Amino acid sequence: MHKELSHRSMFLQSKLIAGLAALMLGLTLFFAVSGPAFAAGNANLLVDSSRVELGGPVSISGSGFQPGEEVSLWLTSPNGDAVTYGRTYAYDGTFSNFTNDWASDAMIFPGTWYVTATGLSSGAKAVSSFRMVRPMLAASALMVGNGMSMVNIAASGWYPGEQLTFWLTDSNGKASYLGYAWVYSDGSIISGKSFETALSPGYYRLSAHGNISGRTLVSAFNSR
């Protein structure tokens, strides 16, 4: 009698364990099939150009976000400062060619920048990068007679619309104001920008300072 009850108890235990296992398997399959199809780890971000002019617009596209969610965009400068680039919507899970012109006013640091996009509903995050070009300055001098020289300047990659101020420093360390020029929208000044000034033969340094970017570059040349 006791042996029969023992067998029946073991049989009921095995049925209960099998039932629980079937229930757990069913719940697992239910959530696997019925759970959200969106995966937060599938977001991607693309900057339209890996090389951007100083202060130029940055065009950003993204994919893999939750359809209809708002996406927050942030820029991290080469010195580690973060600045908001605004928000956009991923209506079908993507957004294309998003730009924010006013944010370009803060983009005056050359070097590598990072863009971070975060889906505010899903938490999906993606990161991309681009390089902000460095300004360039070159100078040379040509003697034109009567102690006068023509100082020729080439400059590019400066902040669009800023004013460049030029100074000359001679080999004795004496500095003198040379003049100024405005930067065009492509980051350049007039090709072959020249200033006529009195120069003695010798070694000179031309300094250029941008009033918006705050950048100062120096180019050395010889006057003969």
Side-chain angles (χ1 to χ4, degrees), residues 43-63 65 70-88 90 95-120 124-140 151-169 175 177-193 204-221:
N44 290 290
L45 199 63
L46 177 67
V47 180
D48 68 338
S49 176
S50 61
R51 180 183 181 276
V52 178
E53 295 291 331
L54 187 65
V58 176
S59 181
I60 302 170
S61 299
S63 62
F65 293 92
E70 191 175 14
V71 179
S72 175
L73 296 164
W74 286 81
L75 300 176
T76 305
S77 72
N79 60 7
D81 292 338
V83 57
T84 179
Y85 202 61
R87 295 182 179 183
T88 186
F95 62 90
S96 300
N97 303 318
F98 176 80
T99 60
N100 194 336
D101 292 337
W102 65 260
S104 297
D105 292 340
M107 299 171 62
I108 58 177
F109 303 106
T112 300
W113 286 71
Y114 290 92
V115 185
T116 302
T118 304
L120 299 184
K125 183 177 291 186
V127 180
S128 187
S129 65
F130 61 92
R131 287 195 62 78
M132 189 73 73
V133 299
R134 296 184 179 277
M136 184 277 292
L137 177 71
S140 62
V151 178
N152 300 309
I153 301 172
S156 64
W158 293 82
Y159 192 89
E162 73 175 332
Q163 185 186 60
L164 297 186
T165 305
F166 302 104
W167 293 78
L168 279 178
T169 305
Y177 173 71
L178 183 63
Y180 68 90
W182 295 97
V183 179
Y184 291 139
S185 59
D186 63 355
S188 68
I189 63 172
I190 298 172
S191 177
K193 179 69 176 180
Y204 290 85
R205 286 175 295 164
L206 174 77
S207 299
H209 177 77
N211 71 322
I212 297 178
S213 66
R215 303 291 297 178
T216 300
L217 293 187
V218 178
S219 178
F221 64 92

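Owing to the predicted nature of the structure, the values given are computational and were not obtained by experimental measurement.
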Inset, instruction - Given side-chain contact (heavy atoms from CB on, under 4.5 Å), test V47 with V58 step by step and report yes or no. - result: CA-CA 7 Å; V47 180; V58 176; 3.8 Å; yes

Legend entry - side-chain hydrogen bond (donor to acceptor under 3.5 Å, both in side chains) between T216 and H209, worked out: CA-CA 4 Å; T216 300; H209 177 77; 2.7 Å; yes

Which pair of non-hydrogen atoms, one from [X] and one from [Y], has the smallest distance, and what is that distance?
| X | Y | value |
| --- | --- | --- |
| L54 | P160 | O-CD, 3.1 Å |
| F130 | S49 | CB-O, 3.7 Å |
| F221 | L206 | CE2-CB, 4.1 Å |
| R134 | R215 | NH1-NH2, 4.0 Å |
| V218 | S207 | CG2-OG, 3.6 Å |
| A208 | L137 | CB-CD2, 3.7 Å |

Inset, instruction - Applying side-chain contact (heavy atoms from CB on, under 4.5 Å), run through V133 and R51 and close with a yes or a no. - result: CA-CA 7 Å; V133 299; R51 180 183 181 276; 3.2 Å; yes

Test item: [X] and [Y] side chains (from C-beta on) under 4.5 Å apart, heavy atoms:
| X | Y | value |
| --- | --- | --- |
| L164 | Y180 | no |
| V151 | Y204 | no |
| I212 | Q163 | no |
| L45 | I60 | yes |

Please round to the nearest 0.5 Å and tell me the distance separating atom [atom1] of [X] and atom [atom2] of [Y].
| X | Y | atom1 | atom2 | value |
| --- | --- | --- | --- | --- |
| T165 | L178 | OG1 | CG | 10.5 Å |
| E53 | Y159 | CD | OH | 12.5 Å |
| F65 | E70 | CZ | CD | 12.0 Å |
| T99 | N97 | OG1 | CG | 8.0 Å |
| S128 | L73 | OG | CG | 11.0 Å |
| N100 | F98 | CG | CZ | 5.0 Å |

Legend entry - Results of ring-ring contact (aromatic ring centres under 6.0 Å, His included) for F166 - residues two or more places apart only: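 With neighbours one apart ignored, the set is F195.
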
Inset, instruction - Go through the structure and list residues passing ring-ring contact (aromatic ring centres under 6.0 Å, His included) with W167, not counting sequence neighbours. - result: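 ring-ring contact (aromatic ring centres under 6.0 Å, His included) list for W167, sorted by chain: Y177.
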
Output a table of donor-acceptor pairs, distance under 3.5 Å, between side-chain atoms of residues 107-116 and any protein atom two or more places apart or on a different chain; print 'none' if there are none.
unit_1, atom_1, unit_2, atom_2, d
T112, OG1, R131, NH1, 2.6
W113, NE1, F109, O, 2.8

Just by distance, do the side chain of [X] and the backbone of [Y] share a donor-acceptor pair under 3.5 Å?
| X | Y | result |
| --- | --- | --- |
| N44 | S63 | no |
| S77 | D81 | yes |
| S72 | R87 | no |
| T118 | L120 | no |

Legend entry - Short side-chain donor-acceptor distance under 3.5 Å, W158 and S156: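 Side-chain D/A pair, S156 to W158: absent.
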
